[in-house]
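Notes to accompany the following structure.
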Amino acid sequence: MNPILNELNPVQQQAAQIKDGPILILAGAGSGKTKTLTHRIAYLIKHHNIPARNILAVTFTNKAAEEMQTRINRILPQSNSLAWMGTFHSICVKILRRELNKTNLGFTSNFTIFDDQDQLSIIKKILKELSLDPPKINPRAVRAFIENAKNEAQTADEMEKFSRGEFQKIANQIYHLYEKYLKSQNGLDFDDLLIKTVALFNLYPEILKKYQNIFCYILVDEYQDTNQIQYQLIKLLARQHLNLCAIGDDSQSIYQFRGADFRNILNFEKDYPNVQVIKLEQNYRSTKNILKAAQDIIEKNLHRTDKTLWTQNPKGAPITLAGLEDEQEEALFIISEIKSLRQTGVKPSDCVVLYRTHAQSRAIEEQLIKTNLGYKIIGGVSFYQRSEIKDILAYVKLLANPHSRISLERIAGKPPRGIGAQTLIKGGKKLNDFLKLMENIRLISREKKPAEIIDLVARRTGYKDWLLENSPEAESRWENIKELKTVAQEYDNLADFLEKTALHQPTDQIEDEAEKIHLMTFHNVKGLEYPIVFMVGMEEGLFPHSRSLLEPQELEEERRLCYVGITRAKKRLYLTHAQSRRFFGSFQSNPASRFLDELPNDILDII
DNA sequence: AAAGAATGGCTTTTT
DNA sequence: GCCATTCTTT
């Protein structure tokens, strides 16, 4: 048999072998989804002789894309021609960089990417101009308004008719101004990357045609998490060849809050007639008990497609359910369990602690530090959001793009050089001197590589000295900048380096340090698996989150999130809740989560 | 204009 | 309890 196929079960083989036409793979948790996908790509290349460059595989995280690439390299070590593989956002950036100059969409190919903090500062700036200061209008709420609109592919003009009430009217007014500002800065936010690509394809059919011809075979991972724009994008690209393979699981749709619409996966068969549907229902990951727990939870949702996961794995240990005094006891319980598991050969890196909100990590961290156990928080305050990193990147961005107002404003006063808000508006000698300095550095940096430029800019602008003299944690901050230099060493030019930092979120860099326990949110753990899983803070108001309690739809999303958490576990699952815990400084007691009541009693071990 | 001190607002989840 | 913004002093 073909060596690419012999690791697959019959259904997986079928999914890998189909060459043409639309395919929908409904892949339950732990059913070998990534394996099937990678082997399918390998089979297309090796067996059907499809050039790798004609294959597009879209994922939701950079990590998933990298994982896929590594696995394909393992199956086809000799093939070095790469398929197009990446997140929706990174693929769109590639296309926009190539094509925008040929269009009159109002942006050029060297656009800058604005992250969520940039968005917020733009909105605050606009609020100030309108004299609507933050107490009156919450900038974050405005950002949410704009994001929601963009996720639904609604322009500010189109939103006009949907905007009811004072807040929405003002928010939409800001949306208009925000778009104007972005355009004046040649800037695109995350959503724009997708929106402008779709606009490009709609307005320039010859460009669309070009990419339709490049992407003869398209695979989309986590199809249940696509939003309206992503749906449109794929539809445009796949229209010509119809060789679209969508993979997903509606039970694991957890991003509706940012516009994902799992009806996209439910409607796939209507959108693409003659689709071949393949169901992967055998779970290779978890014990029977864990799977039973997951199944019992998800069955409480009214909106779902019926499917049954099964496994040949053993029944395994019962699910441990523990009620603790407070969040510190909860942390101590986890630690003592991990310690005793270690006696049986479990490594700390086999364990993951999952929580609903980042804020919950602190209590666990504190106890882990006390007991000298190594840990690694995935997500949370990202490396790229640390102020010293953002400062240095702002300097570097300013070198790459002298017009980047937002970068200039960030670093004009770091270190202090007598340039404040007033000078930035009215100009003056001090500002001119600074701009001259930057111009000088720019000239010198032309010949240099990104890592050297970071060093150059940190020294010449006096940033390094200022940081070392004034910051209490100067050393660790400078260490972070050195870390950034290490990242930069992988790049030959500034543009590529900046691209990476703009799109790469911290979730993407999980190092496999064997001695460290991983801590992360339920959202971050999607797509991963661990032998031992701790789900903490299983309390009403926390999980399900209080903000989800009013809307049945949102409650169902919480339940799917719970399902995702449970199905990460291979061998053992712990669920814990605390009688009371600190919220915003004061104590609050929450009843145990309703999800715990939904578990079958006969597989529980209650402490 | 900058640095330090005090106040108030708030936290769901993320590419 | 923490953060970001605002107020006060230098």
Side-chain angles (χ1 to χ4, degrees), chain A residues 58-65 86-93 113-117 119-121 124 127-128 133-135 138-141 143-144 147 150-151 188-194 222 225-227 229-230 253-260 327 354-363 366 378-382 384-385 387 412-424 426 428 430-431 466 470 502-508 520-526 537 541-549 554-555 557-558 560-562 564-565 581-588:
Chain A
V58 193
T59 60
F60 270 76
T61 62
N62 293 299
K63 178 166 59 65
T87 61
F88 272 103
H89 294 84
S90 70
I91 302 274
C92 286
V93 169
I113 299 169
F114 283 61
D115 68 16
D116 42 1
Q117 284 185 31
Q119 288 183 295
L120 214 53
S121 43
K124 283 177 190 164
L127 284 171
K128 211 159 220 166
D133 288 335
N138 177 354
R140 283 163 194 275
R143 181 177 62 187
E147 272 179 354
K150 289 193 170 193
N151 281 330
L188 298 177
D189 63 28
F190 280 136
D191 299 318
D192 284 336
L193 298 175
L194 309 174
E222 311 279 13
D225 281 332
T226 50
N227 65 22
I229 313 153
Q230 290 161 340
S253 158
I254 55 173
Y255 284 108
Q256 276 180 68
F257 74 92
R258 67 165 207 229
E327 76 272 17
L354 303 177
Y355 36 77
R356 182 63 179 79
T357 65
H358 285 301
Q360 289 167 258
S361 69
R362 177 156 277 113
E366 280 167 6
I378 289 134
V381 180
S382 121
Y384 290 108
Q385 312 220 338
S387 64
K414 296 175 185 178
R417 33 175 95 83
I419 303 169
Q422 290 308 311
T423 313
L424 277 171
K426 294 179 183 145
K430 286 173 175 168
L431 182 60
W466 174 71
N470 291 288
L503 292 173
H504 240 270
Q505 292 296 307
T507 330
D508 304 332
M520 68 185 97
T521 63
F522 287 103
H523 283 86
N524 270 328
V525 82
K526 181 144 154 211
L542 241 189
F543 194 29
H545 194 273
S546 54
R547 298 227 180 172
S548 72
L549 298 177
E554 290 182 30
L555 189 68
E557 177 146 308
E558 295 285 303
R560 289 192 295 271
L561 194 55
C562 183
V564 167
R581 69 173 66 235
R582 265 200 309 219
F583 264 118
F584 300 99
S586 55
F587 276 93
Q588 190 179 319

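Of the possible donor and acceptor atoms, none in the side chain of A:T226 sits under 3.5 Å from a partner among the backbone N and O of A:E222. With A:H545 contributing its side chain and A:E558 its backbone, the two residues share no donor-acceptor pair below 3.5 Å. Under the 3.5 Å distance criterion, the side-chain polar atoms of A:N151 are matched with a main-chain donor or acceptor of A:R258. The backbone N or O of A:S253 sits less than 3.5 Å from a side-chain atom of A:R560, completing a donor-acceptor pair.
Within the 4.5 Å cutoff, no side-chain heavy atoms of A:T521 are placed close to those of A:T357.
In this model, the phosphate group of C:dT5 is approached by a side-chain N or O of A:K124 to a distance below 4.0 Å at OP1 or OP2. The side chain of A:H358 places an N or O atom within less than 4.0 Å of a non-bridging phosphate oxygen (OP1 or OP2) of B:dT14. Contact check, A:N138 against B:dT11: a side-chain N or O comes under 4.0 Å of OP1 or OP2. In terms of phosphate contacts, A:T61 brings no side-chain nitrogen or oxygen within less than 4.0 Å of OP1 or OP2 of B:dT14. Checking the phosphate oxygens (OP1, OP2) of B:dT14, a side-chain nitrogen or oxygen of A:N524 falls inside 4.0 Å.
Following rounding to the nearest Å, A:R140 (CZ) and B:dT13 (P) show an atom-to-atom distance of 10 Å. Atom pair A:K414:NZ and B:dA3:C1' shows a separation of 14 Å (rounding to whole Å applied). Straight-line distance from the CG atom of A:L549 to the P atom of B:dT13: 16 Å, rounded to whole Å. With rounding to whole Å, A:W466 atom CH2 is found 11 Å from B:dA3 atom C1'. Atom CG of A:D191 is separated from atom P of B:dT14 by 15 Å (rounded to the nearest Å). In this structure, A:D225 atom CG and B:dT13 atom P are separated by 17 Å, rounded to whole Å. Remark: P of B:dT13 and CD1 of A:I254 are 13 Å apart, rounded to the nearest angstrom. Per the geometry, CZ belonging to A:R547 stands 9 Å off C1' belonging to B:dC10, to the nearest Å.
Judged by Watson-Crick or G-U wobble contacts below 3.5 Å, the nucleotide B:dT11 has no partner.
Which of B:dT14, C:dG1, B:dT15 sits closest to the side chain of A:R582 comes down to C:dG1. For A:D116, the listed nucleotide lying nearest its side chain is B:dT15; candidates were B:dT11, B:dT13, B:dT15.
Across all strands, A:F88 comes closer than 4.0 Å to no nucleic acid atom at all (heavy-atom distances).
Here A:F257 lies parallel enough and close enough to stack on the base of B:dT13, with planes under 30° and ring centres under 5.5 Å apart.
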